[in-house]
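Quick notes on the structure that follows.
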Amino acid sequence: MRGCGLLMIGCIVAGLGLSAEAQEPRRAFTPGQVWAATDGEHINAHGGGIIYRDGTYYWYGENRAARTPGGPRVASPGVQCYSSTDLFNWKNEGVVMKVIEDNPNHDITRGCNIERPKVVFNQKTKKYVMWFHLELRGQGYSAARSGLATADSPTGPFTFVRSLRPNAGIWSIEFPESSRTPVTAAEAKELLQGQNFRPGLAAGVYARRDFAGGQMARDMTLYVDDDGKGYLVASAEENYTLNIHELTDDYLDFTGKWTRVAPGGHNEAPAILKHNGKYHMLASGCTGWAPNPARVLQADSIWGPWKNVGNPCAGTNPQNNLGPEKTFGGQSTCIFQVAGKPGAYIAMFDEWRPRDLRNSGHIWLPVKFDGDRMVIDWTDKWDLSVFDK
Ligand code: DGJ
């Protein structure tokens with residue numbers, strides 16, 4: 001009978017979707033394995049980012065709804081938040097920016113696609129500012145807009161402000177005077193025919209096409225520099241070029257100063273850190289949800305020039321036998337510094353499951369430096385003591 005009682009408790013716990021294991025506090029990162037929040041559910045915050053405020057970390061990401069048969073696989077109720085004081089154990093804070101249910105014409109009406117949300121705190125306005133990649137409902141990936149929302153508290157609610165394509169009608173700082181003529185979509189297509197494609201890309205044919213309506217902005221991140229200046233970095237020009245757009249002091253708009261990084265380089269999934277005065281941008285190639293090799297772009301100034309210094313990854317993920325050639329099965333989304341530990345950075349990757357985005361995996365790995373070269377070694381299990389060595 002005693003055994004039966006224990007079994008009963010086990011059944012009740014299982015029925016609630018809680019596993020005994022999920023109740024044990026976590027004391028280590030186990031990259032690529034199921035990562036349950038304190039509610040027992042795998043963390044549903046993808047393409048995400050982390051901020052630290054007043055002793056607590058907040059993890060924002062894409063909440064991907066369970067897929068309904070025949071429904072869009074990217075369906076989402078909005079942006080999800082989790083909180084933690086130790087980076088291992090995360091409390092579900094719910095959907096902090098919800099899609100709009102009762103207005104089919106709203107930019108973030110249900111059925112839109114919200115990707116890679118990032119939040120920063122503005123010291124001057126005391127607002128939490130969220131930017132995200134927004135695709136309008138029913139338009140695939142063609143809208144390529146930046147969405148903006150703000151909140152007074154890290155756990156929201158975030159209020160949607162607007163969406164737009166950055167820097168309409170403004171040329172990037174280095175755009176050659178001689179090329180500063182907008183072209184139509186048909187003219188751009190013509191200019192990029194055959195052998196002209198690569199040189200045309202580098203010369204900014206897509207940027208000229210998108211001049212009037214604003215530059216495309218897909219995979220994105222936010223970066224706040226030591227001087228408090230904020231930047232939105234986004235894949236543009238059909239994902240061939242990354243753009244860095246300077247934000248206004250309140251982070252709610254663009255100043256009009258922007259630059260094209262690695263034109264034609266085909267980079268997405270950007271994440272930035274600054275180490276020993278140099279900027280390091282981790283990024284991926286463009287192969288949809290499938291993994292590809294990571295790469296680091298490096299610069300002495302945020303305005304470039306940025307140079308590709310190669311793949312920082314080493315080792316093999318034994319769960320899928322993938323190494324640097326496929327970024328262990330992951331794609332970068334954010335790099336953040338451990339609070340109070342200068343030089344201690346964690347790189348976050350998504351291990352996408354395109355048929356079941358909700359259960360996409362999380363790969364967190366420590367970032368090391370060999371001189372100026374970023375190194376990300378596969379590690380099965382680790383904790384913050386790696387930074388003490
Ligand atoms: C790769 C991007 O990094 C993801 O965020 C997502 O947009 C997929 N492409 C869609 O194919």
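We count ligands from 1, going down the list as the structure has it; atoms in each ligand are counted the same way. Everything numeric in this text was worked out from a predicted model, so none of it was measured.
- For NZ of Lys126, the number of neighbouring non-hydrogen atoms (other residues, nucleotides, ligands) closer than 6.0 Å is greater than 12.
- At a heavy-atom distance under 4.0 Å, only side-chain atoms of Arg116, from C-beta outward, approach ligand 1.
- Summarising the local packing, NZ of Lys341 is surrounded by more than 12 heavy atoms from other residues, nucleotides or ligands at distances under 6.0 Å.
- With no hydrogens or angles considered, a side-chain donor-acceptor pair links Asn113 and Glu115 at under 3.5 Å.
- Within the set Ser235, Gly288, Gly47, the minimum heavy-atom distance to atom 1 (C) of ligand 1 is found for Gly288.
- Residue Glu115 has at least one nitrogen or oxygen atom sitting less than 3.5 Å from a nitrogen or oxygen atom of ligand 1, judged on distance alone.
- In terms of polar-atom proximity, Gln331 is counted as a contact of ligand 1, with an N or O under 3.5 Å from an N or O of the ligand.
- Of the N or O atoms in His133, none lie within a sub-3.5 Å distance of an N or O in ligand 1.
- Ion pairing of Asp249 with Lys124 is present here, as a side-chain N (NZ or NE/NH1/NH2) and a carboxylate O approach within less than 4.0 Å.
- The side-chain contact (heavy atoms from CB on, under 4.5 Å) test with Ile51 singles out one residue from Trp59, Tyr128, Tyr57, and that residue is Tyr128.
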